Each structure stands twice: as C-alpha cells, then as structure tokens.
Amino acid sequence: MEIVIAIVQALLVLLLAPLISGMSRKIRAKMHTRQGPPLLQDYYDIGKLFKRQDVHTSDSSLIHRIMPPLYMGCMLVLAAGMPMVTRLCPVPLIGDMILIIYLLALPRFFFSLASVDSGASYSGIGGARELVLGVLVEPAMMLSLFVVALATGTTNVGDMGAAIASGNVTVIVAIVIAGIAFLCSVYVELGKLPFDLAEAEQELMEGPLSEYSGPSLGMLKMSMSMKQIIMVSWLCAVFIPWGSAATIAALPLLLGLVFWLVKIFVIFFIVSIVENLVARVRFKLAGHQTWAFVGIAAVALVFCLIGL
C-alpha cells in the first residue's frame, strides 16, 4: 500500500506542477491590473515543447543532455518519499532529512554544471548564481531541521511531523522559531521576489535554461515547478503536519489528500501575494537576508538546548 501511495504522490506532484506556476502568474497579473495568461497556460506551453526538436549547443557534452532527466528523476523520487498525504513517509529510506538535502543538492549541482558545459557565458553566470544561492540558504535550512531532529530524536521527516502533531515535543518555542527560519529558507528556494523572479529567459535565474529547447526545456520547467511543491510539502510535513493521514485507511487518506491540497494552495497563494508586495533586492545583497535566517535558526538552537 505504501508503494501505491508513493506512486500516487509522485503523479500528483507531476500533474499539479504546471497548475501551481500558472496560478502564481495569474495572481501576479491580477495584482498588476493585467489579464495575464490563462490558468492552464503552462500545460499548453510544456505540451508544445515536448513536440519540438531537442537541440543542444555544439560545445556541450553528455552532462548538458542528462541534466533535465536527472533533475526530473530526483524530483519524482522526492515526491514519492516525502510525507504529503500521510503523516509518515511512504518510502522511509527517502524520508531521512539528510538524504533529502542531498537529493536536492544533486540537481542543483548538475544544473550549474550543465550551464557551464553549454559554453554560453550568460548560462554560466546563471549557474554560478544558483550555486551561490544554495550556499547562502542551505545553512539556515539545515540548522532549523537539526533543531527539530534534536527535539524529536529522529532525522526522519515523517517521524518529526508525527512527533510534533502528537504533542510529544517539549521545546515548543524552539520548534516555532525553527519553523520561521525554515519558512524563510523555503521562500528563497521558491525563487520569488525579492530574491528573484524567473519570469523570462532575460532573468538571471533562468539564464541556464537559455541553451535548452524542446523536451529538455519542458522537463526543466516542470521539474522547477515540482521542486516548489516539494519544498512547500516539506514545510507542511515537518511544521504543519496536522490533517495528514495517520493511518493508511481509505477515509484518512482521502482527508489527508484534501488537507494537503488546501495547505499547499493556501501557502502558494500567500507567497504569490507577498512576492508582489516587495521589490527585487540586488543579488550581492541577498546574503544579508539569508544570514538573518541563519541567525533565527541559531536562536532556535539555543532555545532547544536550554529546553524552551
């Protein structure tokens, strides 16, 4: 049964990814008093990309070609193993927070490596930006999860959420502060303003995609949207676990699916509102905000150590 849940979760994330990105674009357009693209426009765009020819630069190697399927493969594995509908991980091996961090770092590394491998200077700049952003945001993310691991006595994401949902955690203040730090880190990983807004290939964040076309570009666009759903689901699994199915019976699973959909759509709606209320920050100043997130996570660690 757990394998079925894992497969269903992966398919749900795959199917919902273009809808989430389309919803964000629609909200942005409405807030700018524009009509904007249709809600399902990303489905049409990705469908067209898969019908076109896959072209790569003459200077690129195998790395440039394997990166899109590798990126999507990592996202599918994470979607299958992350506790979304249920409170526990459908695949316990994939649910370890250290493995999840590595599975997120692997496509980031190849994404940057492929941008350099393309031979285009603009793509290389975008790839370097991706690595720098990862270095800036991952310390806060890992430290906040470390606080939860200390409080719950496990590194399994599902067990963390189950312990918090059942009230078996005594350091409530530390968990709340760690949740704030993790929320800030997730917001940065979503690529939203003020840190970036990947709306077109002219944006630095989308620079590595400028040398991709056809099915490869379609896979990358879907994978980036899937990553957004996975990051939000990770936040919900650890810090907002209420509503997820505690058992694998039919009714709890159905209710867990409804609660999961409500949580991710509400969070993405709030994120879409926030990103349209702020201005873009200069990239070289992004470290000022991310180190503040590390400071918040460090405060959570202190509270955890003193038992609050």
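Values below: every heavy atom of this structure, side chains too, minus hydrogens, waters and symmetry copies. In this text the structure is predicted, and so the values were computed from the model without any measurement. Numbering starts at 1 and runs along the sequence shown.
- Linking Ile, Leu, Val, Met, Phe, Trp and Tyr whenever their side-chain heavy atoms come within less than 4.5 Å leaves L11 and V77 in two separate clusters.
- The two residues I230 and A79 make their nearest non-hydrogen contact at CD1-N, 4.0 Å.
- Expressed to the nearest 0.5 Å, how far CZ of F268 lies from CD1 of I27 amounts to 10.5 Å.
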In sequence, state the C-alpha distance, the side-chain angles, and the governing distance for F239 and V186, and then conclude on side-chain contact (heavy atoms from CB on, under 4.5 Å).
CA-CA 12 Å; F239 296 99; V186 168; over 6 Å; no

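- Taken from CD1 in I267 to CG in L183, the straight-line distance is 7.5 Å, to the nearest 0.5 Å.
- Taking CZ from F265 and CG from L19, the interatomic distance works out to 4.5 Å, rounded to the nearest 0.5 Å.
- Contact annotation: the side chain of R65 never approaches that of S216 to less than 4.5 Å [non-hydrogen atoms, C-beta and beyond].
- Listed here is the closest heavy atom pair of M160 and T154: CE-O, 3.4 Å.
- In this structure, Y43 places its OH atom where more than 12 heavy-atom neighbours from other residues, nucleotides or ligands lie under 6.0 Å away.
- Using a 4.5 Å heavy-atom cutoff, the side chains of L12 and W260 are in contact.
- Classified by interplanar angle (parallel below 30°, tilted 30° to 60°, perpendicular above 60°), the ring pair Y71/F111 is perpendicular.
- Electrostatic pairing of D45 and K221 does not count as a salt bridge here, judged by no charged N lying under 4.0 Å from a carboxylate O.
- Here the side chains of F146 and T155 are not in contact, with every heavy-atom distance at 4.5 Å or above.
- Nearest heavy-atom pair across A178 and V148 is CB-CG2, 4.5 Å.
- Here the CG-CE distance, from L190 to M224, works out to 11.0 Å after rounding to the nearest 0.5 Å.
- Rounding to the nearest 0.5 Å gives a distance of 11.0 Å between OG of S225 and CE of M23.
- Between F303 and I175 there is no side-chain heavy-atom pair separated by less than 4.5 Å.
- Summarising the local packing, OH of Y102 is surrounded by 12 or fewer heavy atoms from other residues, nucleotides or ligands at distances under 6.0 Å.
- With K263 contributing its side chain and V232 its backbone, the two residues share no donor-acceptor pair below 3.5 Å.
- Side-chain contact between D42 and M222: absent, with no pair of heavy atoms (C-beta onward) separated by less than 4.5 Å.
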Mind running side-chain contact (heavy atoms from CB on, under 4.5 Å) on M75 and L104 for me, showing each step along the way?
CA-CA 8 Å; M75 294 304 108; L104 287 171; 4.1 Å; yes

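- C89 contributes atom SG, which lies 7.0 Å from atom CG of D159 (distance to the nearest 0.5 angstrom).
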From CA spacing to verdict: side-chain contact (heavy atoms from CB on, under 4.5 Å), L220, M67
CA-CA 9 Å; L220 284 175; M67 194 272 284; 3.6 Å; yes

